[in-house]
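Just so it is clear, the model here is predicted, and its values are computed rather than measured. All chains are named by letter (A, B, ...) in the order of the sequence lines, taking the proteins before the strands, and each is independently numbered beginning at 1.
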Amino acid sequence: MKEKEKVILSAMLDDEATEREIQRILGQAHDAEIHAYWQRLIRQRSQKDDSLSEWASVDLIGRVSAQLDLEDNARSAVSPVEAVSNESEQSSRSTVWAPLAIAASVMFAVILGVETWWDPVSGDSVQAVASADKAQKDASSPGQLSEAEYEARLQALLVKHAGTALSQEGGVAPMARLTSYQASQK
Amino acid sequence: MTLLQPARLVPDSLPNPSTTGERLMNGNLKAEDEACDVDSVLVQRVQRGDRRAFDFLVAKYQARVLSLIARYVREPQDVRDVAQEAFVKAYRSIGLFRGDSAFYTWLYRIAVNAALNFLSSHARQGIARSIDQMDEEPFALGDALTNSDSPETELEGQQLKQQLDLAIQALPEELRQALLLREYDGLSYEEIADVLQCPIGTVRSRIFRARDQVMAATGIAASA
């Protein structure tokens with residue numbers, strides 16, 4: 001480090017440096033000697049002050065810098081998750097739960113279907129519910145879709161609805177609806 | 001040891017503001033070469049993402065922040081931790097600093113809040129003073145709560161001051177005068193130039209050389 005830089009640092013300590021000079025120093029801030037000299041100047045001043053002399057030799061720069069680095073690294077490591085909004089968090093939860101919900105729904109449907117097959121009374125009741133549903137659907141259907149298309153769409157919608165509701169802790173009601181619908185197809 | 005009293009160096013009539021104006025008018029000083037607020041320049045650099053500029057600010061204010069926090073927090077290690085936290089908070093929120101107050105005033109508030117937060121979260125450890133008391137009289141607590149009263153610390157401090165006094169006493173007269181006018185009387189470079197009847201550049205150079213020699217004589221290192 002040249003003497004000129006030392007003079008500027010000394011002037012900076014007294015708020016007597018020009019902006020150009022400060023920028024010049026900051027342009028060389030990568031130079032450890034510059035920092036070291038600045039710290040020495042500060043220490044010298046602190047040591048003549050009774051209230052500061054006790055702390056004049058403590059150096060927090062390394063600690064502060066290390067903590068900032070640590071936090072920055074932690075942020076960058078977590079950032080992909082942080083960047084995801086709550087909505088996306090829900091969708092990621094759905095991604096986990098959806099296959100399980102579908103599997104559970106299918107299993108439920110199979111069990112209920114078997115029960116229906118073995119128990120005509122309850123099958124009738126299920127069919128009655130399904131028929132009512134179907135009638136309602138027919139009433140609200142715009143009539144532009146064929147029956148098969150409509151059923152396929154409704155099936156997909158119910159499966160999706162069941163998965164989403166399960167992932168959002170919506171209970172088993174959607175699955176019940178799904179199974180009732182599937183039972184009605186028999 | 002008695003140092004040369006700076007007051008004896010100062011004449012009764014210090015330069016008045018019109019002197020500065022005249023010198024600017026006469027072209028002795030250029031407006032763009034005027035001294036500026038170092039903190040403002042450093043803060044602007046930090047706000048643009050220059051971490052190294054923040055290191056300059058930490059170095060400049062760490063002793064003051066540590067001393068301030070030591071008025072609230074007893075253990076030296078806790079003082080360091082809280083001060084570190086305060087500087088990190090300052091860095092993280094420096095984008096919000098608009099320069100309405102001095103940088104240190106802003107930093108001061110952050111440091112006090114960090115100390116109070118520390119106290120409230122460690123209240124169960126039996127800190128003597130309540131937070132309310134701290135809020136009411138933050139400046140009156142220092143001596144009671146720091147460990148600066150220990151005989152060893154006091155002796156060490158006295159020795160360091162004595163070393164500084166000796167080193168300053170040993171300086172050549174012109175360097176010593178410039179340094180004392182600056183450090184003990186708080187005169188600006190321009191005022192010192194008027195007192196010593198020399199150019200500002202000479203004052204800068206003399207003060208730098210005085211400091212450099214004192215640091216060499218006392219063995220002041222960058223950090224401990």
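Counting only N and O atoms by type, the side chains of B:D212 and A:Y37 include a donor and acceptor under 3.5 Å apart. In this structure, a donor-acceptor pair under 3.5 Å is present between the side chains of A:S65 and B:R51.
With sequence neighbours left out, B:N117 forms a side-chain hydrogen bond (donor to acceptor under 3.5 Å, both in side chains) with no residue at all.
Per-residue heavy-atom pair counts under 4.5 Å with chain B were compared for A:A17, A:S51, A:S53, and the maximum is reached by A:A17.
In this structure, CE on B:M215 lies 8.0 Å from OG on A:S10, to the nearest 0.5 angstrom. The line from SG of B:C36 to CZ of A:R20 is 11.0 Å long, rounded to the nearest 0.5 Å. From B:Q44, atom CD reaches atom CD of A:Q23 across 8.0 Å, with rounding to the nearest 0.5 Å. Considering CD of B:Q84 and CD1 of A:I61, their distance stands at 12.5 Å, rounded to 0.5 Å. Here the NZ atom belonging to A:K48 is positioned 9.5 Å from the CG atom belonging to B:L164, to the nearest 0.5 angstrom.
Under the 4.0 Å criterion applied to side-chain N and carboxylate O atoms, B:E85 and A:R63 are not assigned as salt-bridge partners. Note on A:E16 versus B:R204: no salt bridge recorded, every NZ/NE/NH1/NH2 to OD/OE distance being 4.0 Å or above. Between B:R211 and A:D14 a salt bridge is recorded (basic side-chain N to carboxylate O distance below 4.0 Å). The residues A:D49 and B:R64 are annotated as not salt-bridged, no charged nitrogen and carboxylate oxygen being separated by less than 4.0 angstrom.
Heavy atoms of A:L9 lying under 4.5 Å from chain B belong exclusively to its side chain. In this structure, chain B has a heavy atom under 4.5 Å from the side chain of A:I22, while its backbone stays farther away.
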Q.
Quick one, B:F56 with A:L26, criterion side-chain contact (heavy atoms from CB on, under 4.5 Å). Give me CA distance, side-chain angles, the key distance, then yes/no.
A. CA-CA 9 Å; B:F56 280 85; A:L26 291 173; 3.9 Å; yes
Legend entry - side-chain contact (heavy atoms from CB on, under 4.5 Å) between A:W55 and B:Q62, intermediate numbers included: CA-CA 8 Å; A:W55 302 103; B:Q62 58 187 355; over 6 Å; no
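When the heavy atoms of residues 89-104 of chain B are compared with those of chain A, the residues falling under 4.5 Å are B:Y91, B:R92, listed by number.
Looking at heavy atoms from C-beta onward, B:L66 lies out of side-chain contact with A:E54 at the 4.5 angstrom threshold.
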